[in-house]
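Below, read A as the first sequence line, B as the second, and so on, with proteins coming before strands; counting in each chain starts at 1. Please read these numbers as outputs of a predicted model, since none were measured by experiment.
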Protein chains: 2
Amino acid sequence: MNVQEGKDKFIQAWGALGSNWGVSRTMAQIHALLLIAPHALSAEDIMEDLKISRGNANMNIRALMDWGLVYKELKTGERKEFFIAEKDMWDVVKKIIAQRKKKELEPMLKILEELSAVEGTGPDAENFVQVVRDIKLFSNKANATLDKLVQSDSNWFVKVFMNMI
Amino acid sequence: MNVQEGKDKFIQAWGALGSNWGVSRTMAQIHALLLIAPHALSAEDIMEDLKISRGNANMNIRALMDWGLVYKELKTGERKEFFIAEKDMWDVVKKIIAQRKKKELEPMLKILEELSAVEGTGPDAENFVQVVRDIKLFSNKANATLDKLVQSDSNWFVKVFMNMI
DNA sequence: CAAAAGTTTCAGAAGTGATTGAAAATATTG
DNA sequence: CAATATTTTCAATCACTTCTGAAACTTTTG
């Protein structure tokens with residue numbers, strides 16, 4: 001396999017993976033392209049390489065920057081903006097976890113809190129209250145664990161990994 | 001809030017959460033409904049409660065059983081099949097992780113392996129090979145860690161949680 | 001074994017989210 | 001400030017996934 005074939009395959013695979021992770025296909029492909037680019041790319045470069053529209057490129061680059069997965073790089077003497085990807089995988093995973101925690105776990109915790117206000121009697125009500133209590137307990141633990149994880153440095157993962165084996 | 005309102009809200013929220021987790025909206029709603037039901041429900045019950053079609057109910061119940069999130073319960077003297085949900089949250093999360101690992105991480109590892117066969121010279125090729133190597137290393141660690149996690153019992157999570165705080 | 005009860009399948013409909021492309025806005029240059 | 005380069009926005013379109021509902025199939029019962 002030559003380099004170009006390899007790159008294409010990687011971009012394709014990273015895009016597919018991303019779409020299961022709350023990162024849209026194109027968003028993940030742009031990230032993949034920047035990961036394997038030996039230098040910063042412009043929006044134009046990205047559009048051409050991935051054969052996507054200007055609007056699509058712009059939207060997804062911005063989303064990637066919001067997530068902290070891509071950074072802007074301004075070259076002196078150049079009017080265009082260039083972009084580079086975060087390449088530390090642990091950092092990438094942490095940033096994705098942070099986003100999903102905010103978008104998914106936190107709203108769920110809020111709802112569970114509200115559901116604690118449910119009143120009623122009988123087996124239905126008792127069972128419901130118990131299930132909600134269990135899930136809330138679990139979710140709070142998960143939330144605290146993920147907080148630690150997101151704050152941790154890259155070595156943390158290595159340490160946990162070592163401890164587990 | 002009364003019990004019925006609470007249940008509806010919970011089913012709604014669980015469905016929304018699920019759709020970010022590779023569990024389709026309906027699949028998650030059925031799981032939610034079974035979680036808070038004080039006894040096993042039939043396909044018919046589920047269709048009525050969630051106002052979904054027979055086909056939809058059937059497909060998603062089957063998927064939930066495939067994932068190990070729902071079990072069949074046969075009542076003596078009853079012709080219908082009844083269903084109950086796995087209620088241990090740690091078990092639920094483990095089962096979802098196991099599915100996603102199989103569906104996402106493992107194919108990616110396979111592709112990274114293939115990409116190691118890329119040949120070429122120059123900064124492009126060198127950078128590519130390096131990026132692939134880094135990701136492969138990270139993914140293998142993640143894979144091993146998730147294996148342990150999936151095999152671990154419910155107390156493991158509590159222990160890790162305690163260690164982290 | 002025929003009727004009844006229950007389950008599964010699947011082609012088309014509906015719904016959802018992503019993408020395009022052209023126009024508007026913004027920034028830079030001489 | 002006008003001309004030019006670049007980025008952003010957004011309504012319409014497209015692609016993809018999920019859902020419906022009727023028909024086919026399977027199982028159970030008398």
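- The salt bridge (Lys or Arg N to Asp or Glu O under 4.0 Å) contacts involving residues 38-59 of chain A comprise A:Glu44-A:Arg54, where partners must be two or more places apart or lie in separate chains.
- Evaluation of the salt bridge (Lys or Arg N to Asp or Glu O under 4.0 Å) rule for B:Glu73 yields no partner, not counting sequence neighbours.
- Whole-Å rounding puts the B:Ile61 CD1 to C:dT9 P distance at 13 Å.
- Applying the side-chain contact (heavy atoms from CB on, under 4.5 Å) criterion to B:Ala13, with sequence neighbours excluded, gives A:Met108, A:Ile111.
- Listed in residue order, the members of residues 25-54 of chain A having a heavy atom less than 4.0 Å from DNA chain D are A:Arg54.
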Cut-off 3.5 Å, no hydrogens considered: what does the side-chain donor-acceptor table look like for residues 61-70 of chain A, sequence neighbours left out?
| from | atom 1 | to | atom 2 | distance (Å) |
| --- | --- | --- | --- | --- |
| A:Arg62 | NH2 | A:Asn58 | OD1 | 3.2 |

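- Ring geometry for B:Phe138 versus A:Trp90: interplanar angle of 30 to 60°, hence tilted.
- For the pair A:Lys75 NZ and D:dT6 P, the interatomic distance rounds to 13 Å; values are reported in whole Å.
- Applying the salt bridge (Lys or Arg N to Asp or Glu O under 4.0 Å) test to residues at least two apart or on different chains, the pairs with a partner in residues 108-134 of chain A are A:Lys110-A:Glu114, A:Glu113-A:Lys136, A:Glu114-B:Lys9, A:Asp124-B:Lys7.
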What protein N or O atoms touch nucleotides 24-29 of chain C N or O atoms at under 3.5 angstrom, if any, and at what distances?
| from | atom 1 | to | atom 2 | distance (Å) |
| --- | --- | --- | --- | --- |
| C:dT28 | O2 | A:Arg79 | NH2 | 3.2 |

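- Between the P atom of D:dA11 and the CE atom of A:Met59 lies a distance of 13 Å, rounded to the nearest Å.
- Nearest to the side chain of B:Asn56, among C:dT19, D:dT8, D:dT20, sits D:dT20.
- Between the P atom of D:dC16 and the CG atom of A:Asn20 lies a distance of 15 Å, rounded to the nearest Å.
- Computed from coordinates, the B:Asn58 CG to D:dT27 C1' distance equals 15 Å when rounded to whole Å.
- Atom CG in B:Leu74 sits roughly 15 Å away from atom C1' in C:dA5 (whole-Å rounding).
- The interatomic distance linking B:Lys80 (NZ) with D:dT27 (P) rounds to 18 Å, in whole Å.
- Atom OG of residue B:Ser42 and atom CD1 of residue B:Ile46 lie 7.0 Å apart, to the nearest 0.5 angstrom.
- Proximity note for A:Asn60 (side chain, C-beta onward) versus D:dT7, C:dT19, C:dT7: the nearest is C:dT19.
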Please report, to 0.1 Å, the donor-acceptor pairs under 3.5 Å made by any side chain of residues 14-22 of chain B, with sequence neighbours excluded.
| from | atom 1 | to | atom 2 | distance (Å) |
| --- | --- | --- | --- | --- |
| B:Trp14 | NE1 | B:His31 | ND1 | 3.1 |
| B:Ser19 | OG | B:Ala16 | O | 2.7 |
| B:Trp21 | NE1 | A:Glu104 | OE1 | 2.8 |

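- Grouping Ile, Leu, Val, Met, Phe, Trp and Tyr residues whose side-chain heavy atoms lie under 4.5 Å apart, directly or via other members, leaves A:Leu74 alone, with no other cluster members.
- Considering only the side chain of B:Ser24, D:dC19 comes nearest among D:dC19, D:dT9, C:dT19.
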